[in-house]
Amino acid sequence: MPEYLPTAPYKGTRDFLPAEMSVRTQVFGHLYDVLERRGFLRYDGPILESAEIYERKSGQELADKQLYTLTDKGGRRLALRPEMTPSVARMIAGSAKSLSFPVRWYSHPNCHRYEAPQRGRVREHWQINADIFGSDSANCEIEIFELVHDMMAALGATPDMFVLRVNDRNLLTSALTDVAGVSEDHLSQVFALVDRWEKYPREKLAEGAADIGLSDKQFDKLAETLDMGEALLDELPAAVREQSNLVKVLNSSAGSLVKYEPIIVRGLAYYTSTVFEVFDTSPENRRALFGGGRYSDLASMFTAQQIPGIGFGMGDVTLIDFLETHGLTPAPRSEVDVMVIPVTEDLSDAARSVAQSLRQAGLRTSTPIEHRKLGKELTRADKAGAVAVVIIGQEDWAAGNVTVRSLATREQNPVAIADAPASVRALLG
């Protein structure tokens, strides 16, 4: 007996058969359209990068635990990209002299992270990245927040289905030191604790605070501070508020697009001020869907030029989960709109010529690969989701006609060959 290789994909990766790929193509097509209508230009880059760019800027968890790394034949340490932001920072830095800042760029890369597969997390995913580079203006934040709402609306989501939760790491630093009384020595550890604030029960958070060195009283003050919501802003020094782009957004008409949440941190180390996440409000899927933030010095790995940026990455796994939760997943498209069927094999050339005219009219059209009886081809057309078939018969063809048959009503009528595209399009509505 031959020993066959397994047909399942590598753990944490996925196969996409045509029906599922159709859904994904429709979903991402809507998102591309929104991005390009806002002036974002698409780019791409290599899936292999120097491991160093992630080790220096993406944070210890990603660099130490999640990178897929390899050493090439020249001894260079490489990584399969786990995210796109360091790559695009490299590209922006490398082409900065030819760019007219600010610029709006987007991409849809395939990314890899070694982590335990679970709902919302796999080892290979696709992620739409959208970034604005070259401006410190709060208008960048507003543009990004508006973009998020436009993209979600394009997928059929209404404002009650999600919330855009925002924070500023500088505001949080001030809240921890000036209000909660956390010492600067403990800041990085408390940031990590705050990032887990909604993931663990209060008792476990208290244990984590004790491990850091906070007393029970300090932990209680920290919890009280983080629970204040937008009222916390009034407790912060005026100078800190005045320097925050997020506060400017909250005081503008765009403030209605977001909800200020002191517990939003985002785990990636390169975020420097504004951070945000989109959160599903459904009780069946209460989780962060995607997020992003502002980074002022990511390009400094590659250039002395200061090139600030802000952006987000929208992963496909949590996005599709969101659509399924809210009943927004589009149906797969049919294989074709119409099939052209020759009654006899010697009419195959005639069928191909009619099919070509239908395609030129914008109709998705196929013809049989192998000649079979008409009844079998009609069944095949029905299974393919065709709305109509065009039947090429000997007598009709000799008279300059074809028969157009509706697969919904089973009604059929002879029409002139030149009129076949219009007749089929009428059945499509």
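The aromatic rings of F28 and H108 lie perpendicular to each other, with more than 60° between the two planes, well past the 30° mark. Y43 and W105 have tilted rings, their planes meeting at an angle from 30° to 60° on a 0 to 90° scale. Taking the six-membered ring where the residue is Trp, Y106 and Y32 present tilted rings, their angle falling between 30° and 60°. By the 30° and 60° cut-offs, the orientation of the rings of Y270 relative to Y295 is perpendicular.
Remark: R333 CZ is loosely packed, at most 12 non-hydrogen atoms of other residues, nucleotides or ligands lying under 6.0 Å away. Residue-environment remark: CD (E284) stays at or below the threshold of 12 foreign heavy atoms within 6.0 Å. Summarising the local packing, CG of D216 is surrounded by 12 or fewer heavy atoms from other residues, nucleotides or ligands at distances under 6.0 Å. Heavy atoms from other residues, nucleotides or ligands lying under 6.0 Å from CZ of R121 number 12 at most.
We find that R14 and D316 are joined by a salt bridge, their nearest charged nitrogen and carboxylate oxygen being less than 4.0 Å apart. Using a cutoff of 4.0 Å between basic side-chain nitrogens and carboxylate oxygens, E143 and R104 are scored as salt-bridged. We find that E335 and R380 are joined by a salt bridge, their nearest charged nitrogen and carboxylate oxygen being less than 4.0 Å apart. Here R202 does not pair with E207 in a salt bridge; the nearest charged N to carboxylate O distance is not below 4.0 Å. E52 has no carboxylate O lying under 4.0 Å from a charged side-chain N of R76, or vice versa, which leaves the two without a salt bridge. Taking the charged nitrogens against the carboxylate oxygens, E49 and R81 have no contact shorter than 4.0 Å, which rules out a salt bridge. Between R38 and E146 there is a salt bridge, since at least one side-chain N of the basic residue sits less than 4.0 Å from a carboxylate O of the acidic one.
Side chain to side chain, D168 and S244 meet the donor-acceptor criterion of an N or O pair below 3.5 Å. Counted by atom type alone, N129 and Q127 present one or more donor-acceptor pairs between their side chains at under 3.5 Å. Judged by distance alone, the side chains of E141 and N245 do bring a donor and an acceptor atom under 3.5 Å apart. Under 3.5 Å, the side chains of S174 and D178 contain a donor-acceptor pair of N or O atoms. Between the side chains of S406 and T409, at least one donor N or O sits under 3.5 Å from an acceptor N or O. Side-chain contact, D160 with T158: a donor N or O sits under 3.5 Å from an acceptor N or O.
Listed by chain and number, the residues in a ring-ring contact (aromatic ring centres under 6.0 Å, His included) with Y200 amount to none (sequence neighbours excluded). The ring-ring contact (aromatic ring centres under 6.0 Å, His included) test applied to F162 returns H149, not counting sequence neighbours.
Judged by distance alone, the side chain of S357 and the main-chain N or O of V354 form a donor-acceptor pair under 3.5 Å. Proximity of a side-chain donor or acceptor of S423 to a complementary backbone N or O of D419 within less than 3.5 Å is not detected. Judged purely by atom type and a 3.5 angstrom limit, T13 has no side-chain atom pairing as donor or acceptor with the backbone of P9. Here the side chain of T281 pairs a donor or acceptor atom with the backbone of M161 at under 3.5 angstrom. Between the side chain of Q26 and the main chain of A331, a donor-acceptor pair closer than 3.5 Å is present. Between the side chain of R113 and the backbone N or O of H125 there is no donor-acceptor pair closer than 3.5 Å. No donor-acceptor pair closer than 3.5 Å links the side chain of D136 to the backbone N or O of P308.
Judged as a salt bridge (Lys or Arg N to Asp or Glu O under 4.0 Å), not a single pair has a partner in residues 187-197 (not counting sequence neighbours).
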One pair to check against side chain to side chain donor-acceptor pair (under 3.5 Å): S50 and R90. What are the steps and the verdict? CA-CA 11 Å; S50 166; R90 174 183 59 74; over 6 Å; no
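Counting heavy atoms from C-beta on, the side chains of N139 and K248 never come closer than 4.5 Å.
A side chain to side chain donor-acceptor pair (under 3.5 Å) with N285 is found for one member of T318, D280, D321 and no other, namely D280.
Ring-centre distance between F101 and F133: not below the 6.0 Å cut-off.
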